[in-house]
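Before any comments, here is the structure.
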Amino acid sequence: MGTLISQSIALPNDPRRAELENLENQKCIIDEKARSLVRGELYCGLSLLMVQTLGFMRLTFWELNWDVMEPICFFVTSLHFALAYGFFLRTSKEPSFEGYFQRRFKVKQNKLMKIHKFDMERYNKLCEAFYPNYGNRYNGLKCTADESGPVFPAVHG
């Protein structure tokens, strides 16, 4: 019984704290890399939308006219709506930029964790031992921790 309690509750000078700090540092690096990859995807999406808009402006005002471009713009807008709806059906997340960011962040984070052989089970067990409310607050976005417990930064920050 004593060993169960000692494994589940950490003491201030517990040697597992160094292991947890090492895992937290690894996870923070992985999270930052995942954030930068997702930001890159979002900037690529922004550039594609800008190119599309500039192309439509060129076609509308110089090459063709609004009578020709109106149905094209309608169908492209409908396609964008269908893609957002498909995103919602597949992920059950709101089709917003934040929802897309969260979904892509989680995917990139999981890939990077596999590449770097990050032991998420061990990390979770250590966090539960050192931070009593860890299981209640954890949402997969933890980056750093201090004595009061894990810190959950904003997804887009």
Side-chain angles (χ1 to χ4, degrees), residues 3-56 72-157:
T3 57
L4 281 173
I5 293 173
S6 68
Q7 287 178 351
S8 63
I9 299 174
L11 299 173
N13 59 355
D14 195 325
R16 295 178 296 170
R17 182 170 293 280
E19 181 183 2
L20 176 60
E21 288 175 5
N22 183 31
L23 288 173
E24 284 176 341
N25 289 335
Q26 287 178 347
K27 187 170 184 314
C28 190
I29 291 168
I30 289 170
D31 289 353
E32 286 302 314
K33 179 68 174 169
R35 275 190 195 92
S36 68
L37 290 171
V38 174
R39 273 193 224 112
E41 288 181 6
L42 289 175
Y43 281 118
C44 284
L46 174 64
S47 63
L48 289 174
L49 286 174
M50 289 175 59
V51 166
Q52 174 187 308
T53 302
L54 291 173
F56 282 178
I72 294 170
C73 291
F74 171 77
F75 287 118
V76 169
T77 303
S78 297
L79 177 65
H80 287 184
F81 173 77
L83 290 172
Y85 189 66
F87 175 81
F88 171 74
L89 289 176
R90 185 162 184 218
T91 64
S92 298
K93 290 223 180 252
E94 181 181 347
S96 65
F97 295 120
E98 186 172 357
Y100 179 77
F101 183 94
Q102 289 175 350
R103 175 68 179 157
R104 294 303 301 156
F105 175 81
K106 193 172 187 175
V107 168
K108 296 288 184 188
Q109 183 187 47
N110 288 337
K111 282 185 179 180
L112 288 169
M113 284 182 177
K114 285 180 184 175
I115 289 170
H116 295 288
K117 295 177 177 63
F118 185 82
D119 188 0
M120 194 64 179
E121 282 185 39
R122 179 71 178 153
Y123 174 77
N124 286 334
K125 286 179 184 178
L126 288 172
C127 282
E128 287 171 3
F130 282 95
Y131 311 120
N133 295 329
Y134 176 77
N136 299 335
R137 302 189 310 185
Y138 181 67
N139 65 359
L141 301 174
K142 183 178 160 307
C143 183
T144 60
D146 58 12
E147 292 298 318
S148 63
V151 176
F152 298 98
V155 175
H156 47 77

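Counting heavy atoms from C-beta outward, Leu126 and Arg122 have side chains that approach closer than 4.5 Å. Put simply, the side chain of Pro95 does not reach to within 4.5 Å of the side chain of Tyr100, judged on heavy atoms. Using a 4.5 Å cut-off on side-chain heavy atoms (C-beta onward), Val76 and Phe56 make contact. His80 is listed as a side-chain neighbour of Leu49, based on a closest heavy-atom distance under 4.5 Å. Residues Phe105 and Leu37 have side chains not in contact (no heavy-atom distance under 4.5 Å, counting atoms from C-beta outward). No side-chain heavy atom of Glu98 sits under 4.5 Å from any side-chain heavy atom of Lys93. Here the side chains of His116 and Lys33 are not in contact, with every heavy-atom distance at 4.5 Å or above.
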Q) Which is it for Lys27 and Tyr123 under the side chain to side chain contact (heavy atoms under 4.5 Å, CB included) test, yes or no, and what are the steps along the way? A) CA-CA 9 Å; Lys27 187 170 184 314; Tyr123 174 77; 3.6 Å; yes
Practice problem: Please report the C-alpha distance between Arg35 and Glu32 in whole Å, then the side-chain angles of each, then the deciding distance to 0.1 Å, and finally whether the salt bridge (charged side-chain N to carboxylate O under 4.0 Å, His left out) criterion is met. | Solution: CA-CA 5 Å; Arg35 275 190 195 92; Glu32 286 302 314; 3.0 Å; yes
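When every heavy atom of Leu20 is checked against every heavy atom of Cys127, the shortest pair comes out as CD1-SG, 3.8 Å. Nearest heavy-atom pair across Phe118 and Leu23 is CE1-O, 3.3 Å. Across all their heavy atoms, Asp31 and Gln109 have their closest contact at OD1-NE2, 2.6 Å.
Applying the side chain to side chain contact (heavy atoms under 4.5 Å, CB included) criterion to Phe81, with sequence neighbours excluded, gives no partner residue.
Remark: Phe87 CZ to Ser92 OG distance equals 10.0 Å, nearest 0.5 Å. Note: Thr77 OG1 to Ile72 CD1 = 11.5 Å, rounded to the nearest 0.5 Å.
Applying the salt bridge (charged side-chain N to carboxylate O under 4.0 Å, His left out) test to pairs two or more places apart or on separate chains, those with a residue in residues 99-111 are Glu41-Arg104, Glu41-Lys108.
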